[in-house]
Amino acid sequence: HKSGYRLIAQVTSSNQFPADVRGDRAATPRPSVKLATLLRCAYRVNVGGPASMGPEEWQHSTSTISGTIDELIRVHGGFPIHESGATIGVFGAPNAQEHHAMRAVQAALEIRDITTPDSDHADDWPDFVWRIGIASGEVLSGAAPSSSGLTVHGAPLESVASLTIAAKPGQILLTDETRNLAQSLLGVHRCDPPPDGLAFGPVHYLGTEAGWGSAWEARVERGLTPLFGRDFEINRITDLLDKATRGEGQLIALSGEPGAGKSRLVHEALMLASNCGFDALVAAASPLEARTPFFPVRGAVTDRLRLSPGLHVDEPALHAALRPDRAGEEWTSLDPELRRSRSVSTLSDVLLEGRERPLLMIFEDLHWADESTRHLIDAITTQIARRPCVVMVTYRTGFLDPWATKSYYTQLRIDALASEDSLEMIGHLVGDDASVEVWKSSVVGRSGGTPLFIEEVVRSAQAAGTLVGSDGRLSSTD
């Protein structure tokens with residue numbers, strides 16, 4: 001005890017697993033099959049090898065690279081496994097994990113961003129090249145024998161190895177399975193022709209503009225199916241937009257299960273509002289940033305300031321809301337409630353004041369929004385009753401919003417499509433070839449009237465070769 005320290009617990013392999021990987025268990029995970037996403041980052045110091053720089057410098061450079069990649073993987077809930085000249089990040093195993101594909105992609109984007117020439121860390125990095133592959137699927141995972149690591153087996157492990165070989169320097173490749181799981185990812189492009197040497201496909205690469213939008217923005221990027229079975233909702237939204245143009249502000253809540261079509265109605269509302277001369281603002285919460293204050297609105301606030309540079313704002317509060325990691329000591333020493341109050345007031349002013357046209361403000365996926373963002377929406381909704389403004393929020397069934405008592409509040413519950421609407425939708429996607437009639441009825445029965453399910457089943461059948469032909473004119477190969 002002379003050193004001032006005492007032994008708390010011996011470090012064993014079970015202690016090596018990060019808390020978000022091992023959950024509440026202290027025992028070493030047993031081998032199990034999980035749906036997971038693997039990221040493999042292959043890297044090489046770009047200075048001619050150890051002989052030209054000395055073994056100590058070489059080791060320092062590779063340790064810097066490996067340590068930073070490890071940190072980014074762990075920050076997003078992954079577990080790093082080391083290979084010679086590469087690191088694999090395991091997301092979704094050994095314990096099941098929500099949004100594992102999104103976590104892996106976010107880690108890859110941050111690896112890319114931190115190594116760009118204009119990065120804040122560019123001067124600290126060794127000169128090196130990297131390639132990243134990301135693949136999703138079932139893996140068998142468990143503790144490595146006689147070590148503190150994790151082992152994984154399965155097709156995704158082979159896929160990420162092949163992808164990092166096929167990738168160009170500085171390129172991120174991902175499989176179609178990962179692309180489909182990372183639903184709100186934008187800036188994804190199909191490799192056409194596919195990279196040489198791959199025995200699977202299709203394969204996609206992330207462009208320099210890649211990043212996160214709403215799940216719906218990503219679907220728009222892929223292409224839209226016509227809207228079916230939502231005439232009542234469209235007519236109601238049209239009426240409420242018309243009221244707002246006369247200075248009667250409206251608050252619209254769209255609630256429903258995942259895939260029911262909330263984001264599609266948001267898209268239609270944006271089109272209707274544009275035709276009526278509205279300005280539009282869209283903010284989307286993310287499960288990856290559910291604890292980051294004001295994260296959903298940062299992009300909208302930044303755009304507003306760029307387009308309206310003459311706005312008078314509380315600069316310290318605005319700066320702290322947009323870049324809390326750079327808030328000064330004078331700001332952080334204030335009472336937390338005062339800080340939030342000033343930030344909420346400042347952001348609501350930026351988003352609402354000085355508008356010359358009617359405004360449609362959309363806040364998607366409120367069930368993922370952080371507490372500060374919810375306070376901001378509360379503040380905004382109290383100010384719109386006599387403004388030409390519509391606030392539209394979306395959330396999943398079960399989320400309790402606090403606005404039902406307001407006279408200008410309307411809730412639209414987005415229920416499952418009726419059977420006839422589901423049949424019309426799948427008929428549009430597939431066509432009326434006799435070989436698919438039984439299959440269409442089966443899909444409608446299994447879909448429960450969920451539009452997203454219908455679209456994904458058709459897309460999967462095309463990818464698997466079960467349906468062939470052009471969209472709207474498909475036939476079955478069975």
Side-chain angles (χ1 to χ4, degrees), residues 18 20-21 36-47 60-93 97 99-136 149-150 152 156-157 159-175 178-179 181-182 184-189 191 195 203-213 286-289 292 295 325:
D20 46 11
V21 174
T37 298
L38 305 186
L39 174 157
R40 185 175 190 267
C41 180
Y43 49 86
R44 176 175 56 82
V45 178
N46 196 28
V47 285
H60 175 73
S61 296
T62 55
S63 295
T64 299
I65 297 165
S66 175
T68 303
I69 294 171
D70 279 11
E71 181 181 355
L72 291 174
I73 288 171
R74 291 183 185 276
V75 160
H76 295 288
F79 189 88
I81 300 175
H82 299 120
E83 298 179 336
S84 178
T87 299
I88 295 175
V90 183
F91 299 83
Q97 190 177 45
H99 315 296
H100 50 84
M102 296 173 68
R103 293 171 183 270
V105 171
Q106 181 63 22
L109 290 174
E110 292 186 16
I111 292 170
R112 182 187 69 179
D113 292 345
I114 204 170
T115 60
T116 55
D118 57 350
S119 164
D120 293 340
H121 304 273
D123 294 339
D124 302 327
W125 274 94
D127 184 13
F128 79 108
V129 293
W130 57 266
R131 298 171 172 83
I132 293 177
I134 310 175
S136 303
L150 178 75
V152 291
L157 187 61
S159 296
V160 291
S162 298
L163 289 172
T164 50
I165 293 172
K168 300 174 183 176
Q171 187 178 50
I172 302 172
L173 296 181
L174 58 156
T175 62
T178 301
R179 172 70 184 95
L181 288 171
S184 55
L185 181 61
L186 303 175
V188 185
H189 308 277
C191 295
V203 172
H204 308 269
Y205 69 93
L206 299 187
T208 55
E209 78 283 13
W212 301 103
S286 166
L288 300 180
E289 301 289 350
T292 304
F295 175 81
D325 56 320

Legend entry - Shortest non-hydrogen contact between H204 and V188, atoms and distance: CB-CG1, 3.5 Å
Legend entry - Nearest non-hydrogen partners of I134 and A108, listed with the distance: CD1-CB, 3.8 Å
Legend entry - Side chain T164, main chain R131, donor-acceptor under 3.5 Å: no
Legend entry - Contacts of H99 that satisfy ring pair (Phe, Tyr, Trp, His ring centres under 6.0 Å) - sequence neighbours left out: W368
Inset, instruction - Identify the two heavy atoms, one from A101 and one from A182, that lie closest to each other, and give their separation to 0.1 Å. - result: CB-N, 4.1 Å
Legend entry - Shortest non-hydrogen contact from W130 toward C41: CB-SG, 4.2 Å
Legend entry - With sequence neighbours excluded, residues passing ring pair (Phe, Tyr, Trp, His ring centres under 6.0 Å) with F295: none
Inset, instruction - Compute both the distance and the angle, then confirm whether R74 meets the cation-pi test with F79: under 6.0 Å from the six-membered ring centre, within 45 degrees of the axis. - result: yes
Legend entry - Rounded distance [0.5 Å steps], CD1 in I81 versus CD1 in I73: 9.5 Å
Legend entry - Flag, side chain of Q97 to backbone of G77, donor-acceptor distance under 3.5 Å: yes
Inset, instruction - Check the side chains of H189 and E209 for a donor-acceptor pair under 3.5 angstrom, ignoring hydrogens and angles. - result: yes
Legend entry - Minimum-distance pair of heavy atoms, taken over all atoms of A167 and I132: CB-O, 4.4 Å
Inset, instruction - Give the minimum heavy-atom separation between A135 and V160, together with the two atoms involved. - result: N-CG1, 3.5 Å
Inset, instruction - Could you list the residues that satisfy side-chain hydrogen bond (donor to acceptor under 3.5 Å, both in side chains) with S159, not counting sequence neighbours? - result: none
